[in-house]
Amino acid sequence: MAVPGKSYGDYAVVLKAMRLGEADRIVTLMTAEHGKIRAVVKGVRKTSSHFGARTEITTHLRVQCWRGRDLHTLTQVEVVDAFRAVREDLDRFSQAMAMLDAVDQIAQDGQEFPALYAMLVRALAVLDSTGSPLVAPSFFWKLLALDGSSPMLSACAGCGKPESEGLLVAFDFAQGGVLCEACQRGRKLSAPGTLDLIRRILQGQLRTVLFEPLSPDAAEMSRLAVDAMEAHVGRSLRSCHTGLVQPALRDSGQVP
Amino acid sequence: MIYSQSVQALIEELGHLPGIGPKSAQRLAFHILRIPEPDARRLAAAIVDVKERTTWCTRCWNISDGPLCDFCLAPERDPTLLCVVEDPRDIVAVERTGGFSGRYHVLHGAIDPIGGIGPEQLRVKELLARLEPEGVTELIVCTNPNLEGEATAMYLARLIRPLGITVSRPASGLPVGGDLEYADEVTLGRALEGRRAMEA
Ligand SMILES: [Zn+2]
Ligand SMILES: [Zn+2]
């Protein structure tokens, strides 16, 4: 933990940026070593300041901070990766926003969570380079697992009946995962390959999932991912409901 | 309660203003306490007046004293050229360049998914409704040169280019990550002049 009044260096992704008065900005950073922190960036709105462009959300930074009592102050920033493709493509952008939103909900102020930081950086890089519409939904599943909330996928979360003894027909994250005919509640599963996709994401085969053609399975998997993440954080993720739904998924006729 | 009820109420109201924290609200309240009464009355009257007299232009959503703003009423403004901005203050910035003769449309914000602002929360429907009746041929998207402004421009291009209307964006050169209102008029003027049609 950083000591108040001390300067320290770290790596960070900008999760949120807010105006502060006329010239300054407050950023929420997911750092590698200091957890989620809030820091003031001075003078960003001046034309001469380079801090403005460098402290936009999604940017991966090397930072130098000074720790105050409540807020930190950014004294130096160096861009590690600006994720240009994310800025220049609306679909990548809206997925990145959903990912930052979820991380902001899960990370606790000042609590170290280096694995969360590392996973976010990796996912942003994959989103930037592939543009696959399944990056954010896959990230949600992995984030749930990382936060200790992997859903049950191969046996009914209600009665424990394994998949081999009967169909698992519904999914309810609050109940713990998939549910059999007798226990069903939550969302009814309508596409045949949805659970298989989620399993592959959680079992280290993300790469194969990202390049799947868009299908009803992928659309259902994405929708369940948002449901599950919202149930996990206990509130609605605004970034997932602003009408910027992936057009490819929308066109598959599966997203309402 | 530390202060009298009326002072406390003033501090609270001032504290609701953007960029004013509790300390600043307190400072402003005590400033108001100290100024001569006529000055305080003028301030109060100006606030009431602006709320009573100004509304939004029903066409472009700029600030206006009547149903249509001055830009929409001016016969010499070219209706086929439409400049889209986030905020009425950005109109002032564009006007200062002296290089734009078309009309405006104010979105009242930019796409900000984490803040819950999508196209539905902006004046996008109203923009679409203007394109055909006013014979718009080019849309210059003058949103801020930051992430939200760029996303808004990309969204509008995706929506409006298929209608056969050119959607352009001011050339680079504006301070990235900043606000339009902080750009100087020479830079902004050059950026407008050198604007480029957006690709798909
Ligand atoms: Zn069961
Ligand atoms: Zn008007």
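Everything numeric here is computed off the predicted structure, so don't read it as measured data. Chain letters run A, B, ... following the sequence lines, proteins first, then strands; residues in each count from 1.
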Take a 6.0 Å sphere around [atom1] of [X] and say whether it holds more than 12 heavy atoms from other residues, nucleotides or ligands.
X	atom1	value
B:R190	CZ	no
B:R196	CZ	no
A:K142	NZ	yes
B:R96	CZ	yes
B:D70	CG	no

If I measure from the heavy atoms of chain B, does A:L237 come under 4.5 Å with its side chain, its backbone, both, or neither?
neither
How far does [atom1] of [X] sit from [atom2] of [Y], to the nearest 0.5 angstrom?
X	Y	atom1	atom2	value
A:L90	B:L159	CG	CG	10.5 Å
A:M97	B:E148	CE	CD	7.5 Å
B:E150	A:E88	CD	CD	8.0 Å

For A:E56 against B:L147, the heavy-atom pair lying closest together
OE2-N, 2.7 Å
Answer whether the closest heavy-atom distance between the side chains of B:I114 and A:L100 falls below 4.5 Å.
yes
So which part of B:P18 gets closer than 4.5 Å to some heavy atom of chain A, the side chain, the backbone, both or neither?
neither
B:I117 versus chain A, heavy atoms under 4.5 Å apart: side chain, backbone, both or neither?
backbone
Among the options A:V86, A:T55, A:D89, pick out the one with the most heavy-atom pairs lying under 4.5 Å from chain B.
A:D89
Could you check which of B:G21, B:A153, B:G115, B:A157 has the highest count of heavy-atom pairs closer than 4.5 Å to chain A?
B:G115
